[in-house]
**Student:** 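One structure follows; several queries about it will come next.
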Amino acid sequence: GPRLYGLVRLDPTGEDSYRVNRYRHDPNDRYSISDESIYDIYEDSRQRIWLCTYGGGLNCIIDPTQSKLRFLHHGNELKNWPSEHCFNTRKVMEVQGAMLVGTTHGLVPFDPVFDDPAEIRFYINRLQPNDSSCLLSNDIHSIFTDSRGESYVMSFTGGISRILSGDLLSENIRFRNYNIKDGLSSELAHTMVEDKAGMLWIVFENAIDRFNPNTGEIDSYGEPLRYYTEARPIFHGDELVVATIDGLAYIRTQSLYKS
């Protein structure tokens, strides 16, 4: 899923060989992909493929085994998708039996159990003035579920928000928010990853924090001259691999210490 030029699918043609298929927006085909800027690809528990596009909202491939893919979106069968506001989407994943979509206009949950895509009801959770248990920002960058089953939402200027509600099919999801007042080094949160000890590492625009979900303790490791992207980090052994605007950074987390 590149940021330009649509979706790429590799179909195996033999051992270590593939045929490259590219799917681009075609204004004459209402079932073509709605936008060519792909930010996320996710397979749900029913083997459907969901795509986040930045400009065309959410897309769904009901049957990814077809040679000619049909993309469902607000321009055809996803008629209830809030396309007027939620055309920029970044992240989609299944959490507690609900699909959650991170957009620049808030967090959009919906029920993945449906027969008719046109009947899906989409809910929108947004920043509400004077409500400390809602989202602190509408610009959602990422969603992460740790090994304990706790789910977090990362937002730009809103820090991180741990989901408290059990029922996510709602426009009133409750959160425990963490921001600078709680010890975060920034509120420009991009993404998160868990290490083998269960610590959560939060990647910001120009800092990385280690968050202990059991105690709430936060350790900050800022690098003012390095800028990280929203690409999902991974652990390679004890090394945290993070994408920066200049390439990959390999961070030996066991060697980090407080000054």
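Everything numeric in this text was worked out from a predicted model, so none of it was measured.
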**Student:** I want to check something: taking the side chain as every heavy atom from C-beta on, are Thr104 and Tyr54 in contact at a cut-off of under 4.5 Å?
**Tutor:** yes
**Student:** Are side-chain heavy atoms of Val20 and Tyr18 found at a separation under 4.5 Å?
**Tutor:** no
**Student:** Measuring from Phe87:CZ to Thr53:OG1, what's the distance to the nearest 0.5 Å?
**Tutor:** 10.5 Å
**Student:** In terms of hydrophobic clusters joined by side-chain contacts under 4.5 Å, are Leu168 and Tyr123 together?
**Tutor:** no
**Student:** Do we see a donor-acceptor contact under 3.5 Å between the side chains of Thr65 and Asp63?
**Tutor:** yes
**Student:** Between Ser165 and Arg174, do the side chains contain an N or O donor and an N or O acceptor separated by less than 3.5 Å?
**Tutor:** no
**Student:** Quick one: CG on Leu240 to CD1 on Ile208, what's the gap to the nearest 0.5 Å?
**Tutor:** 5.0 Å
**Student:** Do Asp182 and Arg176 make a side-chain contact, defined as non-hydrogen atoms from C-beta onward lying under 4.5 Å apart?
**Tutor:** yes
**Student:** Is Thr89 close to Trp81 at the side-chain level, that is, under 4.5 Å between some pair of heavy atoms?
**Tutor:** yes
**Student:** If you count every heavy atom of other residues, nucleotides or ligands that lies below 6.0 Å from Gln66 atom CD, does the total exceed 12?
**Tutor:** yes
**Student:** Answer whether the closest heavy-atom distance between the side chains of Ile140 and Leu100 falls below 4.5 Å.
**Tutor:** no
**Student:** Ignoring hydrogens and angles, tell me if any N or O in the side chain of His25 forms a donor-acceptor pair with the backbone of Ile33 under 3.5 Å.
**Tutor:** yes
**Student:** Please answer whether the main-chain N or O of Ile120 pairs with a side-chain N or O of Asn80 as donor and acceptor at a distance below 3.5 Å.
**Tutor:** yes
**Student:** List the atom of Ser137, the atom of Phe156, and the distance in Å for their closest heavy-atom pair.
**Tutor:** OG-O, 2.7 Å
**Student:** Indicate whether the side chain of Glu94 and that of Ser45 have a donor and an acceptor atom separated by less than 3.5 Å.
**Tutor:** yes
**Student:** Quick one: pull up NZ in Lys181 and CD in Glu187 and give me the separation to the nearest 0.5 Å.
**Tutor:** 8.5 Å
**Student:** Between Asn177 (side chain only) and Cys134 (backbone N and O only), is there a donor and an acceptor less than 3.5 Å apart?
**Tutor:** yes
**Student:** Can you tell me if Thr145 uses its side chain to pair, donor with acceptor, with the backbone of Ser151 under 3.5 Å?
**Tutor:** no
**Student:** Run the numbers on Val8 and Asn21 for side chain to side chain contact (heavy atoms under 4.5 Å, CB included), then give the verdict.
**Tutor:** CA-CA 6 Å; Val8 175; Asn21 294 290; over 6 Å; no
**Student:** Checking the side chain of Asn206 only, and the main-chain atoms of Tyr228 only, is there a donor and an acceptor separated by less than 3.5 Å?
**Tutor:** no
**Student:** Check Asp44 against Met99 and note the closest heavy-atom contact, atom names and distance.
**Tutor:** CB-SD, 4.1 Å
**Student:** Looking at Thr191 and Val203, would you say the former's side chain and the latter's main chain have a donor-acceptor pair under 3.5 Å?
**Tutor:** no
**Student:** Does Leu78 share a hydrophobic cluster with Ile62, counting links as ILVMFWY side-chain heavy atoms below 4.5 Å and allowing steps through other members?
**Tutor:** yes
**Student:** Would you check if the side chain of Asn125 reaches a backbone N or O of Ile173 as a donor-acceptor pair within less than 3.5 Å?
**Tutor:** yes
**Student:** Quick one: does Ile49's side chain get under 4.5 Å of Ile41's, heavy atoms only?
**Tutor:** yes
**Student:** Could you go through Ser133 and Phe175, starting from their C-alpha distance and side-chain angles, then the distance that decides it, and tell me whether this counts as side chain to side chain contact (heavy atoms under 4.5 Å, CB included)?
**Tutor:** CA-CA 5 Å; Ser133 60; Phe175 300 90; 5.7 Å; no
**Student:** Could you go through the side chain to side chain contact (heavy atoms under 4.5 Å, CB included) check for Leu7 and Ile61 one step at a time?
**Tutor:** CA-CA 12 Å; Leu7 179 71; Ile61 305 170; 4.2 Å; yes
**Student:** Using a 6.0 Å cut-off, check whether atom CZ of Arg252 has over 12 heavy atoms from anything other than its own residue.
**Tutor:** no
**Student:** Ignoring hydrogens and angles, tell me if any N or O in the side chain of Thr244 forms a donor-acceptor pair with the backbone of Leu248 under 3.5 Å.
**Tutor:** no
**Student:** Find out whether Phe114 and Glu119 are in side-chain contact, i.e. whether some heavy atom of one side chain is under 4.5 Å from a heavy atom of the other.
**Tutor:** no
**Student:** Using atom types as modelled and distance alone, determine if a side-chain donor or acceptor of His73 lies under 3.5 Å from a backbone N or O of Arg30.
**Tutor:** yes
**Student:** Could you please spell out the steps behind the side chain to side chain donor-acceptor pair (under 3.5 Å) verdict for Tyr5 and Arg22?
**Tutor:** CA-CA 8 Å; Tyr5 311 124; Arg22 186 180 297 274; over 6 Å; no
**Student:** Given 3.5 Å as the limit, does a donor-acceptor pair link the side chain of Glu230 with the main chain of His190, or not?
**Tutor:** no
**Student:** Count I, L, V, M, F, W, Y as connected when their side-chain heavy atoms are under 4.5 Å apart, and connections chain through other members. Are Val92 and Tyr39 then in the same cluster?
**Tutor:** no
**Student:** State, to 0.1 Å, how close Gly198 and Arg148 come at their nearest heavy-atom pair, and which atoms those are.
**Tutor:** O-NH2, 3.1 Å
**Student:** Quick one: pull up CD in Glu205 and CD1 in Ile245 and give me the separation to the nearest 0.5 Å.
**Tutor:** 9.0 Å
**Student:** Please report the closest heavy-atom contact between Asp111 and Val113, naming both atoms and the distance.
**Tutor:** OD1-N, 2.9 Å
**Student:** Hydrophobic cluster membership, with links at side-chain heavy-atom distances under 4.5 Å among I/L/V/M/F/W/Y: are Met93 and Leu107 in one?
**Tutor:** yes
**Student:** For ring-ring contact (aromatic ring centres under 6.0 Å, His included), just list the numbers for Tyr178 and Phe211, CA-CA rounded to whole Å, side-chain angles, deciding distance to a tenth of an Å, and then say yes or no.
**Tutor:** CA-CA 10 Å; Tyr178 299 86; Phe211 174 67; 5.0 Å; yes
**Student:** Dump the intermediate steps for side chain to side chain contact (heavy atoms under 4.5 Å, CB included) on Glu194 and Phe235, then the final yes or no.
**Tutor:** CA-CA 8 Å; Glu194 183 177 7; Phe235 268 95; over 6 Å; no
**Student:** Hydrogens and angles aside, do Asp11 and Thr13 bring a side-chain donor and acceptor to less than 3.5 Å of each other?
**Tutor:** no
**Student:** Going only through I, L, V, M, F, W and Y residues with side-chain contacts under 4.5 Å, is there a path from Leu188 to Trp201?
**Tutor:** no
**Student:** Can you name the nearest heavy-atom pair linking Ser185 to Ser220, along with the distance?
**Tutor:** CB-OG, 3.5 Å
**Student:** Would you compute the distance between atom CD of Glu150 and atom CZ of Arg162 and round it to the nearest 0.5 angstrom?
**Tutor:** 5.0 Å
**Student:** Rounded at 0.5 Å granularity, tell me how far CG in Leu72 sits from NZ in Lys79.
**Tutor:** 10.5 Å
**Student:** Counting C-beta onward and ignoring hydrogens, is there a side-chain heavy-atom pair between Leu184 and Phe204 closer than 4.5 Å?
**Tutor:** yes
**Student:** Can you name the nearest heavy-atom pair linking Cys52 to Leu58, along with the distance?
**Tutor:** SG-CD1, 4.5 Å
**Student:** State which residue, out of Arg70, Lys68, Arg24, fulfils the salt bridge (charged side-chain N to carboxylate O under 4.0 Å, His left out) condition with Asp29.
**Tutor:** Lys68
**Student:** If we count only N and O atoms by modelled type, under 3.5 Å, do the side chains of Asp139 and Ser155 hold a donor and an acceptor together?
**Tutor:** no
**Student:** Report the C-alpha distance between Tyr152 and Phe144 in whole Å, list the side-chain angles of each, state the deciding distance to 0.1 Å, and finish with yes or no for ring-ring contact (aromatic ring centres under 6.0 Å, His included).
**Tutor:** CA-CA 5 Å; Tyr152 298 81; Phe144 180 78; 7.3 Å; no
